[in-house]
Amino acid sequence: MDIRPIRTEKDYRWALAEVEPYFDHVPDEGTPEADRFDVLTELISAYEAKNHPIEPLSPVEFIATYMEEAGLRQADFAAILGSESRASEFLNLKRPLTLSAIQRIHREWQLPASVLIQPYHLEDHVALDQTVADQSAPT
């Protein structure tokens, strides 16, 4: 089996070129080709995790990606939240997701709450404006 460690970008490109044909012609399970494919993809995955990590999506990016892949529109999101303007504020990072919004999104779209509750940044000037408004609101 012609397999070697992936230590450099050159090794990485070699490994990618080696596995590419397997995507067009999937090897039969239990064959030496299938074993080679499995080993190479594990090596590639390990190299990518170390050298090309992918940052997790923010809750808003996750929702937007889900909507795009599911063919949903902002109006569909607004139906869950009960307000078109609220949906727009969330998607444009002008307002943070609230606990009740997270619960509704989780319930209606079955998106993992563990992703939806992750912290994320709002637009800086909006977050500052909201903090000032919250501090000056009567109690």
Side-chain angles (χ1 to χ4, degrees):
M1 215 183 278
D2 177 30
I3 295 178
R4 59 182 184 256
I6 301 174
R7 294 188 178 106
T8 66
E9 284 295 311
K10 182 178 178 183
D11 294 336
Y12 175 63
R13 288 189 303 276
W14 169 83
L16 290 175
E18 290 293 307
V19 298
E20 186 175 359
Y22 293 128
F23 290 108
D24 292 329
H25 306 298
V26 178
D28 293 328
E29 198 171 320
T31 63
E33 292 82 16
D35 292 344
R36 185 171 191 272
F37 176 74
D38 289 344
V39 171
L40 283 169
T41 56
E42 286 297 320
L43 289 171
I44 290 168
S45 293
Y47 183 83
E48 288 175 341
K50 181 179 178 184
N51 296 285
H52 302 284
I54 298 173
E55 293 294 319
L57 297 176
S58 75
V60 173
E61 291 168 329
F62 185 78
I63 291 167
T65 300
Y66 171 78
M67 289 172 58
E68 183 178 329
E69 290 177 0
L72 299 168
R73 301 173 328 229
Q74 186 170 316
D76 300 307
F77 189 44
I80 290 174
L81 302 177
S83 165
E84 184 77 33
S85 64
R86 183 68 42 97
S88 176
E89 290 172 338
F90 287 144
L91 292 173
N92 290 303
L93 300 173
K94 296 186 184 295
R95 177 183 294 273
L97 289 168
T98 63
L99 179 58
S100 62
I102 290 168
Q103 290 169 335
R104 282 184 250 142
I105 296 163
H106 172 70
R107 183 178 55 248
E108 295 295 323
W109 287 348
Q110 304 297 306
L111 298 182
S114 60
V115 173
L116 299 174
I117 64 171
Q118 295 304 310
Y120 63 97
H121 297 286
L122 299 176
E123 291 181 1
D124 288 337
H125 69 280
V126 174
L128 180 60
D129 292 346
Q130 185 64 42
T131 301
V132 170
D134 289 346
Q135 291 173 351
S136 63
T139 55

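Side chains included, hydrogens not; waters and symmetry mates left out as well; all remaining heavy atoms used. Being a predicted model, the structure only gives us computed values, none of them experimental.
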Side chain to side chain contact (heavy atoms under 4.5 Å, CB included) between Glu123 and Lys94, worked out
CA-CA 6 Å; Glu123 291 181 1; Lys94 296 186 184 295; 3.5 Å; yes
Using the salt bridge (Lys or Arg N to Asp or Glu O under 4.0 Å) rule, take Arg86 and Glu89 through it: C-alpha gap first, then chi angles, then the decisive distance, then the call.
CA-CA 5 Å; Arg86 183 68 42 97; Glu89 290 172 338; 3.6 Å; yes
Test Leu122 against Arg95 for side chain to side chain contact (heavy atoms under 4.5 Å, CB included), laying out the working first.
CA-CA 7 Å; Leu122 299 176; Arg95 177 183 294 273; 5.8 Å; no
Under the criterion side chain to side chain contact (heavy atoms under 4.5 Å, CB included), I'd like the reasoning laid out for Asn92 against Val60: C-alpha separation, chi angles, the key distance, then a yes or no.
CA-CA 9 Å; Asn92 290 303; Val60 173; over 6 Å; no
Determine, step by step, whether Arg36 and Glu18 satisfy the side chain to side chain contact (heavy atoms under 4.5 Å, CB included) criterion, reporting the C-alpha distance in whole Å, the side-chain angles of both residues, the deciding distance to 0.1 Å, and the verdict.
CA-CA 10 Å; Arg36 185 171 191 272; Glu18 290 293 307; 2.6 Å; yes
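Taking every heavy atom of both residues into account, Ile63 and Trp109 meet most closely at CG2-CZ3, 4.1 Å. Scanning all heavy atoms of the two residues, the minimum distance from Ser85 to Ser83 falls at OG-OG, 3.0 Å. Closest approach of Gln118 and Pro59 over heavy atoms only: O-CG, 3.2 Å. Minimum interatomic distance between Ala34 and Glu29 (heavy atoms only, all atoms of both residues): CB-CA, 4.2 Å. For the pair Ala75 and Glu84, the tightest heavy-atom approach, listed with the atom from each and the gap, is CA-OE1, 3.7 Å.
No more than 12 heavy atoms of other residues, nucleotides or ligands sit less than 6.0 Å from atom NE2 of His25.
Hydrophobic cluster membership differs between Ile54 and Leu16, with clusters built from Ile, Leu, Val, Met, Phe, Trp and Tyr side chains linked at under 4.5 angstrom. Hydrophobic cluster membership differs between Leu99 and Leu91, with clusters built from Ile, Leu, Val, Met, Phe, Trp and Tyr side chains linked at under 4.5 angstrom.
Of the possible donor and acceptor atoms, one in the side chain of Arg104 sits under 3.5 Å from a partner among the backbone N and O of Leu81. For Ser45 (side chain) and Thr41 (main-chain N/O), a donor-acceptor pair under 3.5 Å exists by modelled atom type. Between the side chain of Thr65 and the backbone N or O of Glu61 there is at least one donor-acceptor pair closer than 3.5 Å.
At least one side-chain heavy atom of Val39 sits less than 4.5 Å from a side-chain heavy atom of Leu43. In this structure, Pro96 and Tyr120 have side chains that are in contact, with non-hydrogen atoms separated by less than 4.5 Å. By the 4.5 Å heavy-atom criterion applied to side chains, Ile102 and Leu111 are not counted as neighbours. In this structure, Pro56 and Phe62 have side chains that are not in contact, with every pair of non-hydrogen atoms separated by 4.5 Å or more.
Between the CZ atom in Phe37 and the CD1 atom in Ile3 there is a gap of 11.5 Å [rounded to 0.5 Å]. We find the CD1-CD distance between Ile6 and Glu42 to be 10.5 Å, quoted to the nearest 0.5 Å. In this structure, OG1 on Thr8 lies 3.5 Å from CG on Asp11, to the nearest 0.5 angstrom. From Glu9, atom CD reaches atom CH2 of Trp14 across 15.0 Å, with rounding to the nearest 0.5 Å. Taking CZ from Arg7 and OH from Tyr47, the interatomic distance works out to 11.5 Å, rounded to the nearest 0.5 Å.
Aromatic ring centres of Phe77 and Tyr66: separated by at least 6.0 Å.
If you check the side chains of Glu48 and Tyr12, you find a donor sitting under 3.5 Å from an acceptor.
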